[in-house]
Number of protein chains: 2
Amino acid sequence: MKIGEAARASGVTAKMIRHYEAIGLLPPASRSEANYRDYGEAEIHALRFIRRARDLGFSLHEIASLLALWGDRHRASAEVKRLALAHVEALEAKARDLSAMAATLRHLAAHCHGDSRPDCPILDELARSN
Amino acid sequence: MKIGEAARASGVTAKMIRHYEAIGLLPPASRSEANYRDYGEAEIHALRFIRRARDLGFSLHEIASLLALWGDRHRASAEVKRLALAHVEALEAKARDLSAMAATLRHLAAHCHGDSRPDCPILDELARSN
DNA sequence: GATGGGGGTTCCCATCATGGGAAGGTCAAG
DNA sequence: CTTGACCTTCCCATGATGGGAACCCCCATC
């Protein structure tokens, strides 16, 4: 399979597949006579694995660890779980941060008339001098 | 005030102050004889404004708009409110995305024994072949 | 007066994940 | 044999931030 097909089959763009190889997340693909990258089922599986992990918000660095664990038949699931839960904590912390920002701003906006007059509690808050 | 003092007074690092000037978010600062940037109260206010907007998750691009509105005595607060609420929507959407990822992953982790055995529903899900 | 330290200045590079695009090679079908 | 779709590598850009080098400036202390 050439890179375009692999991209369609895995949901990872060809650009990203090359990138993942370049940074060592994936081993160098074997090449055809025309120097085209050639992918088999195993590679497609790995690419899908990466895409799903990305969809769950894992960084490429974390994904490298996950791939290593995936490929290790003697892994302890405890290690995977630890990694996953640490990531969950980070996701939840980020979500809380964003929600807090949203709530603060929504509150400010609720007090803003939102008409043609210039008075605006939102700007007042941002420009507050203390 | 030199840039270091301005940084301390505003909570924006000197590095970032220079950056904001470089990208045109702030007008070029006036310079001392030694070519040092010189800041007055007005500039400190603007820097604090920027920092607060950043704390609320606004992008520098959005902040440019907010600064323009802030400086426009004839602005309509409707415009500010519109911007703020659009940003709130984006924040909430992002927060929802992160929460969904966290929930999915927490669910998977809950089914993972997390012991020394290799079986792991988390990896199974990532490696799912359909 | 020399020196040292703690500012400041510019400029380049790195992060993280991704995309755009140029210049050129390869292959199938018309 | 050309055309078009694909592939290759390489460079640049994003957004916000930080690190660090090389150099300049000023003030206090020996």
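To find a chain, count down the sequence lines: A is the first, B the second, and so on, and within it residues start at 1.
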To the nearest angstrom, the CZ-C1' distance between A:Arg54 and C:dT18 comes to 9 Å
Residue pair B:Ala34/B:Lys15 against DNA chain D: nearer the 5' end by closest nucleotide is B:Lys15
Axis-to-axis angle for the helix from C:dG1-D:dC30 to C:dG30-D:dC1, ends of five pairs each, to 10°, equals 30°
Looking at B:Arg128 and B:Glu125, does any basic side-chain N land under 4.0 Å from a carboxylate oxygen? yes
Counted 5' to 3', the first and last nucleotides of DNA chain D within 4.0 Å (strictly under) of a heavy-atom of chain A are D:dC6 to D:dT9
ask   = So what does A:Ser32 hit on the nucleic acid, given a heavy-atom distance under 4.0 Å: a base, only sugar-phosphate, or nothing?
value = nothing
Under 4.0 Å, heavy atoms only, any strand: does B:His19 hit a base, just the sugar-phosphate, or nothing? base
Nearest-nucleotide check on DNA chain C, A:Leu60 vs B:Lys2; residue mapping nearer the 5' end is B:Lys2
- prompt: Hey, does the side chain of B:Arg37 come within less than 4.0 Å of C:dT9's phosphate (OP1/OP2), counting only N and O?
  reply: yes
Examine C:dG19: is either OP1 or OP2 under 4.0 Å from a nitrogen or oxygen in the side chain of A:Thr13? Give yes or no. yes
To the nearest angstrom, the CD1-C1' distance between A:Ile3 and C:dC27 comes to 17 Å
Q. Under 3.5 Å, is there a donor-acceptor pair between the side chain of B:Arg75 and the main chain of B:Trp70?
A. yes
Would you mind reporting whether A:Ile122 and A:His111 have side-chain heavy atoms less than 4.5 Å apart?
no
Taken to the nearest whole Å, OH/B:Tyr36 to C1'/C:dG7 is 6 Å
Q) Contact class for A:Tyr20 (heavy atom, under 4.0 Å): base, sugar-phosphate, or nothing? A) sugar-phosphate
| task | Look at all strands and tell whether B:Arg18 reaches a base, only sugar-phosphate, or nothing, counting heavy atoms closer than 4.0 Å. | result | base
Any ion pair linking B:Lys94 and B:Glu89 (charged N to carboxylate O, less than 4.0 Å)?
no
**OP:** Using atom types as modelled and distance alone, determine if a side-chain donor or acceptor of A:Ser116 lies under 3.5 Å from a backbone N or O of B:Ala76.
**Re:** no
Is the shortest side-chain N to carboxylate O distance from B:Asp55 to B:Arg51 below 4.0 Å? yes
#### Entry: Residue pair A:Arg37 / A:Met1, side-chain heavy-atom distance below 4.5 Å
no
Between A:Lys2 and A:Glu5, is the closest basic N to carboxylate O distance under 4.0 Å?
no
Original post:
Salt bridge or not for B:Arg18 and B:Glu21, using N-O below 4.0 Å?
Top reply: no
In whole angstroms, the gap separating C1' of C:dC27 from CD of A:Glu33 amounts to 12 Å
B:Met16 CE to C:dG8 C1', in whole Å, measures 17 Å
